[in-house]
Amino acid sequence: MLKNNIKHPQFGIWDYWRMYQARGIQLPFKYFVETHLFDLLNHTDTHTWLPKSQHETIPENFEHGTFYMSSWTSEIQNSFHVIDKLLGDEFSEYSFIDIGCGKGKVVLTWRKACVQARKSQAIFGIDYYEPFLDIARNNNQRVFHDDGNYSYEDATKTRFQAYGDKLIIYLANPFDEFILEKVIANLSSSKSIIIYNYPVHGEIIVKHGYKLIYEKMGSLPLTQTRIYSNHITTT
Ligand SMILES: C[S@@+](CC[C@H](N)C(=O)[O-])C[C@H]1O[C@@H](n2cnc3c(N)ncnc32)[C@H](O)[C@@H]1O
């Protein structure tokens, strides 16, 4: 059943005005194309960010988490194309997990890309803030008419082996180095590819034996993505 009773701040013209004042016309324009438009086209609720001060409950490790904002559409699509090309016929052997999935934008965009490319893959999202998962399932219903695979879980508790033998992990800067260290330590025994968007603590991933196999530079942290792997060495 769709839940529509979740109250989150609305996003309006003043937010665009603030962006314009801070960075000029390019940022509000890009923001519209890369986040707001997704919701208008898909009748979803993903682009509105949520400051941590407006969370209704405080999960464990909250002080280490970043606030919710959605990844930009073209960043997710670009990563999909890099991974699709990299893995070729092995693509479907991997499970995809967005760690810190929030309202499900990455899961939805990845699944749409799979459908378009006629590829199948097990796709999951996990988050430690339950109200986001209700929104994610609601969004999933609107796009795919099912709830999708979303789990209420702290990333430090994830048993990666339960998701599959080979993993693609998506991280859109969900937490600080303290949590990232624990997550990568747990993950590193699995054959894994890490897509790190807004990659502020990449050195921790390298420290655990991963090699950088792809890098996309961008003028904003949001438009920078690095891809690491512990078992594939070249693109
Ligand atoms: C910047 S948002 C990214 C949302 C989504 N991945 C995207 O790119 O559209 C970071 C998300 O990580 C979640 N998060 C932070 N710390 C977490 C933790 N320890 N375990 C699970 N989720 C966490 C937050 O609740 C938030 O939804």
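Indexing begins at 1, ligand by ligand and atom by atom, following the structure's order. For the single chain, residues carry numbers from 1 onward in sequence order.
- Closest non-hydrogen pair, G164 versus S95, comes out as CA-OG, 4.2 Å.
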request  = Given ring pair (Phe, Tyr, Trp, His ring centres under 6.0 Å), test F124 with Y150 step by step and report yes or no.
outcome  = CA-CA 6 Å; F124 304 90; Y150 298 97; 9.6 Å; no
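- Note that the CG atom of L187 and the NE2 atom of H208 stand 10.0 Å from one another [nearest 0.5 Å].
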task = Determine, stepwise, if the pair F91 / F80 fulfils ring pair (Phe, Tyr, Trp, His ring centres under 6.0 Å).
result = CA-CA 10 Å; F91 182 87; F80 176 89; 5.5 Å; yes
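- Classification of the H36-F32 ring pair by plane angle, with boundaries at 30° and 60°, yields tilted.
- Proximity to G102 (heavy-atom distance under 4.0 Å) selects the following atoms of ligand 1: 27 (O).
- Under the 6.0 Å distance and 45° angle rule, K52 does not count as a cation-pi partner of F67.
- For the pair L86/I213, a side-chain contact is recorded, criterion being any heavy-atom separation below 4.5 Å from C-beta on.
- Among all protein heavy atoms, the one lying closest to atom 13 (C) of ligand 1 is D127 OD2, 3.3 Å.
- Residue-ligand proximity: Y198 is placed with every non-hydrogen atom at 4.0 Å or more from ligand 1.
- Short contacts between ligand 1 and F132, defined as distances under 4.0 Å to a heavy atom of the residue, involve ligand atoms 25 (O), 27 (O).
- Atom numbering of ligand 1 starts at 1 in the shown order; those under 4.0 Å from a heavy atom of E153 are 20 (N), 21 (C).
- Cation-pi geometry between K211 and Y228 is not met at under 6.0 angstrom from the ring centre and within 45 degrees of the axis.
- Under a 4.0 Å criterion applied to the non-hydrogen atoms of P174, ligand 1 contributes the atoms 10 (C), 12 (O), 15 (C), 16 (N).
- Geometric assessment of R111 against the ring of F144 yields a positive cation-pi assignment under the 6.0 Å and 45° thresholds.
- Residue, atom and distance of the protein heavy atom nearest to atom 16 (N) of ligand 1 are Y128 CZ, 3.3 Å.
- The closest approach between a heavy atom of H64 and any atom of ligand 1 is not below 4.0 Å.
- Side-chain contact between L37 and Y31 is absent, with no heavy atoms from C-beta onward closer than 4.5 Å.
- Residue contact check: V106 has heavy atoms under 4.0 Å from atoms 7 (C), 8 (O), 9 (O) of ligand 1.
- Of all the heavy atoms of D98, the ones lying under 4.0 Å from any atom of ligand 1 belong exclusively to the side chain.
- Closest protein heavy atom to atom 2 (S) of ligand 1: M69 O, 3.5 Å.
- Residue G65 has at least one heavy-atom neighbour below 4.0 Å for each of these atoms of ligand 1: 15 (C), 16 (N).
- Residue-level proximity to ligand 1 for K103 is absent, since no heavy atom of it falls below 4.0 angstrom.
- Under 4.0 Å is where a charged nitrogen must lie from a carboxylate oxygen, and between K191 and D165 no such pair does.
- Between Y68 and H55, every side-chain heavy-atom pair lies at or beyond the 4.5 Å cut-off.
- For ligand 1, the atoms closer than 4.0 angstrom to any heavy atom of S70 are 9 (O).
- Only backbone heavy atoms of C101 (N, CA, C or O) come within less than 4.0 Å of ligand 1; its side chain stays farther off.
- Among A155, G100, G104, A172, the residue whose heavy atom sits closest to atom 5 (C) of ligand 1 is G100.
- Between Y170 and ligand 1, no N or O atom pair is found at a separation short of 3.5 Å.
- When heavy-atom distances to ligand 1 are checked against a 4.0 Å cut-off, F175 comes that close only through its side chain, counted from C-beta outward.
- The protein heavy atom nearest to atom 8 (O) of ligand 1 is S71 OG, 2.5 Å.
- A heavy-atom distance below 4.5 Å is found between the side chains of S189 and Q161.
- Contact atoms of ligand 1 toward D154: 19 (N), 20 (N) (distance under 4.0 Å to a heavy atom of the residue).
- Of all the listed residues (T66, L50, N197, V107), T66 holds the heavy atom that lies closest to atom 10 (C) of ligand 1.
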